Amino acid sequence: MNRIKAAHSAGDMRTLARRRLPRVVFDVIDGGAGDEHTLRWNRESLERISLRPRALADVKHVDTTTTILGDPVSMPMMLAPCSFARMCSSGAESAVARAAGRAGTLYAVPGGSGERPEVVARSATGPLWYQLYMKPDHAANEELLDRVEASGYRVLCVTVDTAIKPYREKDLRNGVTLPVTPSPKLALAGLRHPSWSRDFLLGTGSGFDLFAAKRAYDNFADAINHIKSVTPDDVRWLRERWKGPLVIKGILRCEEVPQLVDLGVDGIVVSNHGGRNLDGAPATIDVLAEVVEAAAGRAEVFLDSGVRRGTDVVKALALGAQAVLVGRPYMFALAAGGESGVDRVLELLHNEIVRAMSLLGATSVKEIDRSLIQLPNAPAAPDAESLLGIG
Ligand SMILES: Cc1cc2nc3c(=O)[nH]c(=O)nc-3n(C[C@H](O)[C@H](O)[C@H](O)COP(=O)(O)O)c2cc1C
């Protein structure tokens, strides 16, 4: 699709999505909580880190492959769990799963997925994560985990930063509530975006699909309306219940890490939910190093929130992340061009990782280390004094 070929970055995908989606839908994806401080800080903190290339390295061959909890991946980047994919494109989660598989990476299917976990699993060609929002009703959690397990999901990722129902003023001002109720504002927005409305109402392959998008949104509402706090007792229960790798998503404090690792957690996602929950939470890149240190190699640490460039990926890896997750970039790509949009953004981001590594003189993911970055207000080279014999 020509429109998609004209996109040369994740930022371009956002621009295309903004044109195609009704504003109220775009805001659901793009927006953050409160005054959007955390949303901005995620970007600003990444941008303030500079890069220190090893100029004399031979970078004829650059290898971006790595592993994520034992699964081989083509690059240290995977797709974050994001509800509302059905509002971006009728292809939704199955399309994202196929695109992730083609790109050789992983997708965490959201608990608020519009499609049933079984359906997404059937479309996938690679391993999948399942993201769980725990409900107070244990029997409901059990029943869901049975289905997720039977569908062959490899990793269970439990989100812990959403103890209460999200509250986003932008959506409220736009008249978007949970569950979604048709309103004159929504209807008008649809009329102004006929190509989006056609896809939203009719879907692609399976014919008339008038209520599918609403069902998808309501499914998210169901997950989120019955959400509960996740306590150490829950993590203990989940550890006993789930035989595969267990990941906790939404950690921002090093103090919580040793207990999680002792409970048998295999992975930790340093995340502030893309600035969508607690406004004022720190940028994830600013707390990554302390979490990595606290994990002490006993769990893999991942980062999301604000990653838009291959250079951002390198910065996170330099501070100890095993890999990053991206959310909005693939959601915007889905809105801009459906499944081929997701293919395109994954290709662009992969190419950016290759270029970043090449220009930094890192020929493999293992060669990405702390010496490749300079933190704001830090000395130019942390080890310069010892190297030059000064002091
Ligand atoms: C539209 C949207 C829906 C999301 N839905 C979920 C969800 O259902 N479960 C979850 O754990 N995180 C959810 N997230 C958060 C993402 O998993 C991820 O933490 C965040 O998007 C990363 O930031 P980024 O969008 O800046 O890459 C959502 C994010 C967006 C943008």
Side-chain angles (χ1 to χ4, degrees), residues 10-11 13-14 17 21 24-33 36 38-47 77-89 92-93 96 106-115 117 120 129-134 155-163 165-166 168 170-171 176 178 216-227 230 247-252 267-278 281 283-285 302-309 312-313 316 321 323-335 345-346 349:
M13 286 297 180
R14 180 176 182 271
L21 294 175
V24 295
V25 176
F26 177 80
D27 284 349
V28 168
I29 313 298
D30 192 55
E36 301 190 332
T38 298
L39 183 73
R40 278 195 303 280
W41 294 343
N42 282 333
R43 285 301 311 145
E44 286 168 7
S45 287
L46 278 164
E47 284 163 6
M77 192 191 81
M78 60 172 283
L79 303 184
C82 290
S83 306
F84 313 119
R86 181 58 178 75
M87 296 193 104
C88 296
S89 163
E93 292 86 3
V96 178
L106 310 178
Y107 172 38
V109 177
S113 165
E115 291 179 295
V120 188
W129 289 20
Y130 184 82
Q131 179 264 319
L132 178 76
Y133 279 129
M134 277 196 91
V155 173
L156 182 69
C157 170
V158 183
T159 297
V160 298
D161 61 12
T162 314
K165 190 173 153 179
R168 293 181 200 117
K170 223 179 220 173
D171 295 346
V176 177
L178 288 170
Y217 205 84
D218 290 352
N219 183 43
F220 173 74
D222 179 58
I224 217 73
N225 280 334
H226 300 104
I227 200 146
V230 180
V247 171
I248 299 294
K249 174 173 180 280
I251 294 296
L252 293 167
I268 288 166
V269 184
V270 177
S271 172
N272 54 37
H273 219 98
R276 294 167 68 82
N277 280 357
L278 176 66
T284 50
I285 198 76
F302 309 99
L303 170 137
D304 76 17
S305 301
V307 173
R308 299 291 177 268
R309 290 285 189 185
D312 298 334
V313 180
V324 304
L325 293 81
V326 288
R328 293 180 185 88
Y330 83 81
M331 292 286 276
F332 289 140
L334 191 64
V345 85
L346 287 173
L349 286 167

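A quick note: this is a predicted structure, and the numbers were derived from the prediction, not measured. Starting from 1, each residue takes its place in the sequence as its number. Both counts, for ligands and for their atoms, begin at 1 and track the order of listing.
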Distance col, row Glu93:CD vs Leu334:CG, nearest 0.5 angstrom, shows 8.5 Å
Counting each atom of ligand 1 from 1 as listed, which ones have a heavy atom of [X] under 4.0 Å away?
{"X": "Thr159", "answer": "10 (C), 11 (O)"}
{"X": "Gln131", "answer": "7 (C), 8 (O), 9 (N), 10 (C), 11 (O)"}
{"X": "Ser305", "answer": "22 (C), 23 (O), 26 (O)"}
{"X": "Lys249", "answer": "10 (C), 11 (O), 12 (N), 15 (C), 16 (C), 17 (O), 18 (C), 19 (O)"}
{"X": "Phe84", "answer": "1 (C), 3 (C)"}
{"X": "Arg308", "answer": "24 (P), 25 (O), 26 (O), 27 (O)"}
{"X": "Ile29", "answer": "1 (C), 31 (C)"}

Which protein heavy atom lies closest to [atom], and at what distance to 0.1 Å?
{"atom": "atom 7 (C) of ligand 1", "answer": "Tyr133 OH, 3.2 Å"}
{"atom": "atom 20 (C) of ligand 1", "answer": "Gly274 N, 3.8 Å"}
{"atom": "atom 19 (O) of ligand 1", "answer": "Asp304 OD2, 2.7 Å"}
{"atom": "atom 15 (C) of ligand 1", "answer": "His273 CD2, 3.5 Å"}

Backbone or side chain, does any N or O of [X] fall under 3.5 Å from an N or O of ligand 1?
{"X": "Arg276", "result": "no"}
{"X": "Gly327", "result": "yes"}
{"X": "Gly306", "result": "yes"}

Phe302 vs Trp129 aromatic rings, parallel, tilted or perpendicular, using cut-offs 30° and 60°?
-> perpendicular
Are the charged groups of Arg40 and Glu36 less than 4.0 angstrom apart, N to O?
-> no
So, [X] side chain and [Y] main chain: donor-acceptor pair closer than 3.5 Å or not?
{"X": "Tyr133", "Y": "Pro110", "answer": "no"}
{"X": "Gln131", "Y": "Cys157", "answer": "no"}
{"X": "Arg168", "Y": "Val28", "answer": "no"}
{"X": "Thr284", "Y": "Val270", "answer": "no"}
{"X": "Asp312", "Y": "Arg308", "answer": "yes"}

Any heavy atom of Pro81 sitting closer than 4.0 Å to ligand 1?
-> yes
Honestly, for Arg328 the part within reach of ligand 1 (heavy atoms, under 4.0 Å) is both
Answer side chain, backbone, both or neither: which part of Ser271 comes under 4.0 Å from ligand 1, heavy atoms only.
-> side chain
Which pair of heavy atoms, one from Gly274 and one from Asn42, lies closest together, and at what distance?
-> C-ND2, 4.0 Å
In short, Val230 meets Thr159 closest at the heavy-atom pair CG2-O, 4.0 Å
Per atom 3 (C) of ligand 1, closest listed option by heavy atom (Gly31, Ser83, Ser113) | Ser83
So do the side chains of Val96 and Met331 get within less than 4.5 Å of each other, counting heavy atoms only?
-> no
